4 protein chains.
Amino acid sequence: MTQAAQRPLRADARRNRERVLEGAREVFAEHGRDAQMDDVAKRAGVGVGTVYRHFPTKEALVAALAVSLFEKVLQAGRDALEHEDPWEALTNALWTGGETLSSDRAFTEIVGQAEVPFSPELQTEMYEVYSTLLDRAKASGDLRPDIVMDDIPMFMCGIGMATVKPHCCPNAWRRHLTVLIDGLRADNASGPLPS
Amino acid sequence: MTQAAQRPLRADARRNRERVLEGAREVFAEHGRDAQMDDVAKRAGVGVGTVYRHFPTKEALVAALAVSLFEKVLQAGRDALEHEDPWEALTNALWTGGETLSSDRAFTEIVGQAEVPFSPELQTEMYEVYSTLLDRAKASGDLRPDIVMDDIPMFMCGIGMATVKPHCCPNAWRRHLTVLIDGLRADNASGPLPS
Amino acid sequence: MTQAAQRPLRADARRNRERVLEGAREVFAEHGRDAQMDDVAKRAGVGVGTVYRHFPTKEALVAALAVSLFEKVLQAGRDALEHEDPWEALTNALWTGGETLSSDRAFTEIVGQAEVPFSPELQTEMYEVYSTLLDRAKASGDLRPDIVMDDIPMFMCGIGMATVKPHCCPNAWRRHLTVLIDGLRADNASGPLPS
Amino acid sequence: MTQAAQRPLRADARRNRERVLEGAREVFAEHGRDAQMDDVAKRAGVGVGTVYRHFPTKEALVAALAVSLFEKVLQAGRDALEHEDPWEALTNALWTGGETLSSDRAFTEIVGQAEVPFSPELQTEMYEVYSTLLDRAKASGDLRPDIVMDDIPMFMCGIGMATVKPHCCPNAWRRHLTVLIDGLRADNASGPLPS
DNA sequence: TATGAATGAGCATTCATTCAT
DNA sequence: GATGAATGAATGCTCATTCAT
């Protein structure tokens, strides 16, 4: 009942929340983290007040944006787990994740800043999914054995960086990732990674 | 004599300029490009006016910082040209350049933003030096033949990114570069780079 | 209805705009163009931000002030056109305009500086109204025939100047204008004006 | 002796003082009271320190400028006393004073600001000279009898104002003064001045 | 004594956030 | 709830003045 009474409102609110997030994505992609809340509101077609109703601070809005991207990368990992071949699975995750990141300048800006708070659940699942991918690829002998979970975001950020530079060809990140993946192969390792 | 009479003033001013640059380097490294001019002044132990005497705007100060790093990377390239072995030369340049970049969060912040105006001379020399390094390494068959000059800054930025993430171990960028370099070897190329 | 629903906001904003203009008028009258935006805000009883919402820069605020006075002077001219007697009409315009100018030190400050941008429409109407006044008074033989439109602001500024000098009696400008008007009579012309 | 020993220095210093004043005159004429001390120094070909050696504050420098003009106007009055004809004498003073003022935008700017402190001696002599001119012209029946000493600076400022407006013809102030002088004639007075 | 580099209070302007409508 | 006008702390920059050389 209460549910029934509230649903219309919630649908409205949810739609608004989405519009704000979408507007924020666009505006942050264009202007980086210097984008202004007023511009987000304008792009979303709502008043600033509405932005603040859904996200208490600018920081919270940025965090929400980060989470939404984080989740896409996580999903890329989950999907990749389906692949039989461990190396195929890992590289698939990296390519899909790269695609996501490269399409969103905001992400790099955001992750470039410290302290983006992802929920423990999200982090745990991320850790588990990607650890599994890494472990399998190590077990099959395809992946350098000393790669660790913490190296992954670092690689991903490199990709994001490739996206930011405006003079690069749109494939820049793909070149970057190609080299990186070749470097990840166990066979190609010139030696152990510094620890 | 006239020289001796003039030098003290200039020496003082030059010293102050250095102090400002050094202070700026520290402050920007700590707070990124949001660092405040007043803080730069405080760190340098001078008044804000002095900062502005040497650098007309915040933008100019940041640019000066970028140039000073750019020149270090260029120097790394020049030095590397001395090496007999082409592959040795290239990787040496990358390692030395990486060392420079990784020690300075500001650089990544700066390069992450578009429009850093380096002088044409600087850019030209940079291009020539690194092109030579690449060409030699390609000629000797060590480097993937389809690597181009434009890929270099992209790789470097990836390194910078590795430095920014605060939770990474101090060797993070070295792990990144190790993988990258292994991926650059002609022998390890799984295929051509997307163009 | 929709009107009624929207008006309150606009009415509020408009009221605030007026308060800002009024505050600015007072503060600029007191401190000249060196008056500070914060003081304008304080006098208007609003935050600085509100001042800036209505006038994007200090310059724009000053210009708005100038326009508002300019319009009063124009209105003085329009009203004067009603008078039958051409000389009566002209002197009336001058007296009324003088009254306006003398009450506002800011205007003199502003006009004393070059480059006050009045809209072409405003300037055109000003020109037409005062030219008519002059032509009529010349035609009736009351006014010196070689007076031209460009002389008018000059005379007016003289009045403004009389107002600025703080040691003058409040009637100073009236003494000034009295002499001036007597000098404008065709009968009193000792010779042609230098061109 | 001490005198003899100091004179060379004084000559130097006096020359510098003049250079500063001259530079200030030029710079204030160009940029009005917003002119900067550094610019004055540059124009005078000296360091700022030297400007400050001769004039303790910007205010003092501006005052000195005002005094120098004030003295020219005073001199114009003194010279005019030589004329036999009282009306000739008065108008001559006005024309010569006008010439001086009109050549110096700075003066208007300066006098436009309140509180320019002239020495009592200067003020007294000014008062005496011009009062004499006025009294003689009243006695001969040429000048409106209710003109008082305080009206003079006001008229002069009107002239200064005519000079400031950049779009006016160079003779603008002469037109203004012509009208004014015609208005000063006793015969042309339409009535008493408001008091 | 002259110089001009250094100083820092002061001011215009911005923008995240609040709150009356 | 939604709106956008209002708020004011924060920040880049200026310029009169000081002082080490």
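Only a predicted model underlies this, so the values are computations on that prediction, with no experimental measurement involved. Every chain is numbered from 1 and lettered A, B, ... according to where its sequence line falls, protein lines coming before strand lines.
For residues 44-53 of chain D, no residue pair satisfies the side chain to side chain donor-acceptor pair (under 3.5 Å) rule, not counting sequence neighbours.
Remark: A:Lys72 engages A:Thr100 in a side chain to side chain contact (heavy atoms under 4.5 Å, CB included) (not counting sequence neighbours). Annotation: side chain to side chain contact (heavy atoms under 4.5 Å, CB included) contacts of D:Glu71 (sequence neighbours excluded): D:Val67, D:Leu122. Partners of A:Ser68 by side-chain hydrogen bond (donor to acceptor under 3.5 Å, both in side chains), not counting sequence neighbours, listed by chain and number: A:Arg25. For C:Arg43, the side-chain hydrogen bond (donor to acceptor under 3.5 Å, both in side chains) test picks out C:Glu26, C:Glu30, with sequence neighbours left out.
Note: CZ (B:Phe55) to C1' (E:dA6) measures 15 Å, nearest angstrom. Note: NZ (D:Lys42) to C1' (E:dA5) measures 13 Å, nearest angstrom. The distance between atom CZ of A:Arg15 and atom C1' of F:dG1, rounded to the nearest whole Å, is 16 Å. As rounded to whole Å, 13 Å separates atom P of F:dG1 from atom CZ of A:Arg14. In this structure, the CG atom of D:Asp39 is 14 Å from the C1' atom of E:dG4, given to the nearest Å. Here F:dC15 presents its P atom at 16 Å from CG of D:Leu61, a figure rounded to the nearest Å.
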With side chain to side chain contact (heavy atoms under 4.5 Å, CB included) as the test, would you mind laying out the steps for B:Phe55 and B:Leu21 before giving the verdict? CA-CA 10 Å; B:Phe55 305 96; B:Leu21 264 180; 3.8 Å; yes
Residues C:Arg17, C:Asp12; criterion salt bridge (charged side-chain N to carboxylate O under 4.0 Å, His left out); working and verdict: CA-CA 9 Å; C:Arg17 198 193 136 95; C:Asp12 226 50; over 6 Å; no
Intermediate values then yes/no, side chain to side chain contact (heavy atoms under 4.5 Å, CB included), C:Arg33 and D:Asp34: CA-CA 11 Å; C:Arg33 71 174 188 229; D:Asp34 286 342; 3.2 Å; yes
Could you give me the CA-CA distance, side-chain angles and deciding distance for C:Leu61 and C:Met37, then say whether side chain to side chain contact (heavy atoms under 4.5 Å, CB included) is met? CA-CA 9 Å; C:Leu61 175 56; C:Met37 293 299 267; 4.0 Å; yes
Reading nucleotides 12-19 of chain E from the 5' end, what letters show protein touch, with B for base, S for backbone sugar-phosphate only, - for no heavy atom under 4.0 Å? SBBSSBB-
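Picking from E:dA6, F:dT3, E:dT7 the nucleotide with the shortest atom distance to the side chain of B:Asn16 gives E:dA6. Checking F:dG1, E:dA6, F:dA5 against every side-chain atom of B:Thr50, the shortest atom distance belongs to E:dA6.
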In dot-bracket, 5' to 3', how would DNA chain E read with Watson-Crick or G-U wobble pairs under 3.5 Å, [ ] for crossing ones and | for pairs to another strand? .||||||||||||||||||||
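Nearest-nucleotide assignment on DNA chain F puts the 5′-proximal partner with A:His54, out of A:His54 and C:His54.
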